[in-house]
Amino acid sequence: MKEILFNEIQGIRIGNAQNLNGPTGCTVVICEDGASAGVDVRGGAPGTRETDLLNPVNLVDRIHAVTLAGGSAFGLDAASGVMQYLEDKNIGFDVGVTKVPIVCSAVLFDLAIGDYRIRPDKEMGYEACKNAEFNECMEGNVGAGTGATVGKILGPESSMKGGLGCYALQVGELQVGAVIAVNCLGDVVDSSTGKIIAGALDKDKRTFLDTERVMISQYDEKKNLFSGNTTIGVVVTNGKFTKSEINKVASMAHNGYGRAMRPAHSMFDGDTIFTMATGKVEADINVVGLLAARVVEQAVIRAVKNAEGVLGYKAYRDIVT
């Protein structure tokens, strides 16, 4: 088993676009030939598009792109730009008069950082697709991770910068990778050490409070913490899988969230993972599922380790000793 770049996975391209004045952005993963796809939504506050289509009982069996975006529900507009780009390329589900690109999307809440009036739109989605032609694997304050923050249990004054992370593995001919935009309510933990590496900070802006400990100590207080959360991502493999099988992989991939984010899947997060299978090699679903959890876990960690501090939000690299 060896590490590879996410953009080395057969049959896919990745692109990002962002507005640093937001700050906010979007990330697109494109499979022009179409990919078998699934999704698993675990958080209690999701913002998504075309997830029902991925139910195995429904008609369409292949998608052409997944869009991850900031901007809360406004950011779903970015997927329209992705659709336009793919239609311009004559890519999509053939309906006779045209081809309809099947584009799934999930958004995270970053309106509370910077200028809330700036959010991903159709033009930004199209720009991300144009950038996908270069197929660059970028991390940190890019794409959907541009305005992402973490550790928000006590508000923005104790929060840190999140970001976009990528990680991929190859075993023989099998490839599995993840791109994750980390914007969680809780803390991010380096599973190799068990230590928090990004999350809610104490007043000294260097010591971690431990979000789970704070929540447990306030068990009898019901708070509305909707403003600022949700981690979203895409797991891609070159394996061959049906819709039912790749939906199961999406379910197994969430184990990576559980390993690297504490807590994960709260009612204040809209945690979502899409899966795409490009169908190049035969593979055991159990192996791909366990590898999916590994790449998600590492992509989450890489997202915060590659982030940079902005607008007073400290990043991992600002406090690491």
Side-chain angles (χ1 to χ4, degrees), residues 5-19 22-35 37-39 47-51 53-54 62-71 74-93 99-108 110 119-148 163-168 177-183 230-237 272-278 299 303:
L5 295 177
F6 181 84
N7 56 10
E8 293 182 68
I9 297 175
Q10 295 173 286
I12 65 103
R13 289 185 285 113
I14 182 172
N16 298 286
Q18 52 277 325
N19 186 327
T24 192
C26 65
T27 300
V28 63
V29 178
I30 298 173
C31 181
E32 293 189 0
D33 294 334
V39 67
T48 58
R49 166 177 169 155
E50 297 282 35
T51 52
L53 199 66
L54 303 184
R62 302 184 76 76
I63 70 169
H64 304 95
V66 171
T67 308
L68 309 175
F74 296 110
L76 291 170
D77 188 37
S80 297
V82 179
M83 289 193 68
Q84 180 183 337
Y85 173 88
L86 293 173
E87 186 184 26
D88 290 346
K89 298 286 187 179
N90 198 35
I91 296 167
F93 183 78
K99 290 184 178 179
V100 179
I102 307 302
V103 179
C104 299
S105 180
V107 293
L108 55 80
D110 59 5
R119 66 282 299 250
D121 54 15
K122 184 176 181 179
E123 288 73 25
M124 188 181 286
Y126 196 96
E127 180 186 354
C129 292
K130 292 288 290 182
N131 290 336
E133 294 174 6
F134 300 100
N135 199 25
E136 294 181 301
C137 194
M138 305 174 71
E139 296 179 291
N141 295 17
V142 296
T146 304
L164 188 78
C166 301
Y167 190 77
V179 53
I180 308 289
V182 182
N183 189 60
T230 294
T231 296
I232 51 179
V234 188
V235 170
V236 179
T237 177
T272 299
I273 295 179
F274 291 99
T275 43
M276 302 172 72
T278 62

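Here the structure is a predicted model, which is why all the values come from computation and not from measurement.
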Test salt bridge (charged side-chain N to carboxylate O under 4.0 Å, His left out) applied to [X] - qualifying residues, sequence neighbours left out:
{"X": "Glu50", "result": "none"}
{"X": "Arg49", "result": "none"}
{"X": "Glu123", "result": "none"}

(request) Could you tell me whether a side-chain N or O of Ser105 sits under 3.5 Å from a main-chain N or O of Leu76, the two making a donor and an acceptor? (result)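 Checking the backbone N and O of Leu76 against the side chain of Ser105, no donor-acceptor pair under 3.5 Å is found.
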(message) Any side-chain to backbone donor/acceptor pair from Thr231 onto Asn183? Under 3.5 Å, distance only.
(response) yes
(request) Return the set of residues passing side chain to side chain donor-acceptor pair (under 3.5 Å) with Lys122 (not counting sequence neighbours), or none when no residue passes. (result)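 Counting only residues at least two positions away or on another chain, Lys122 forms a side chain to side chain donor-acceptor pair (under 3.5 Å) with Gln84.
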Minimal non-hydrogen separation, [X] against [Y], with atom names:
{"X": "Tyr167", "Y": "Ala299", "answer": "CB-N, 3.9 Å"}
{"X": "Asn16", "Y": "Gly143", "answer": "OD1-CA, 3.5 Å"}
{"X": "Val103", "Y": "Met83", "answer": "CG2-CG, 3.6 Å"}
{"X": "Gly70", "Y": "Asp110", "answer": "CA-OD2, 3.4 Å"}

(message) Restricting to side-chain contact (heavy atoms from CB on, under 4.5 Å), what partner residues turn up for Thr146, sequence neighbours left out?
(response)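 side-chain contact (heavy atoms from CB on, under 4.5 Å) check on Thr146 returns Gln18, Leu20, Pro23.
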(message) If you define the side chain from C-beta out and look only at heavy atoms, does anything of Leu86 sit under 4.5 Å from Cys129?
(response)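 Leu86 vs Cys129: side chains apart.
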(request) Would you check if Leu164 and Ile180 make a side-chain contact, meaning some heavy-atom pair closer than 4.5 Å? (result)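 A side-chain contact is absent here, since even the closest heavy-atom pair is not under 4.5 Å.
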(message) Between Thr24 and Asn19, do the side chains contain a donor N or O and an acceptor N or O under 3.5 Å apart?
(response)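 No, no side-chain donor-acceptor contact under 3.5 Å.
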(message) With side chain to side chain contact (heavy atoms under 4.5 Å, CB included) as the criterion, how do Thr278 and Ile12 come out once you've worked through the C-alpha distance, each side chain's angles and the decisive distance to 0.1 Å?
(response) CA-CA 8 Å; Thr278 62; Ile12 65 103; 3.7 Å; yes
(message) If the condition is ring-ring contact (aromatic ring centres under 6.0 Å, His included), which residues does Tyr85 pass it with, not counting sequence neighbours?
(response) Tyr126
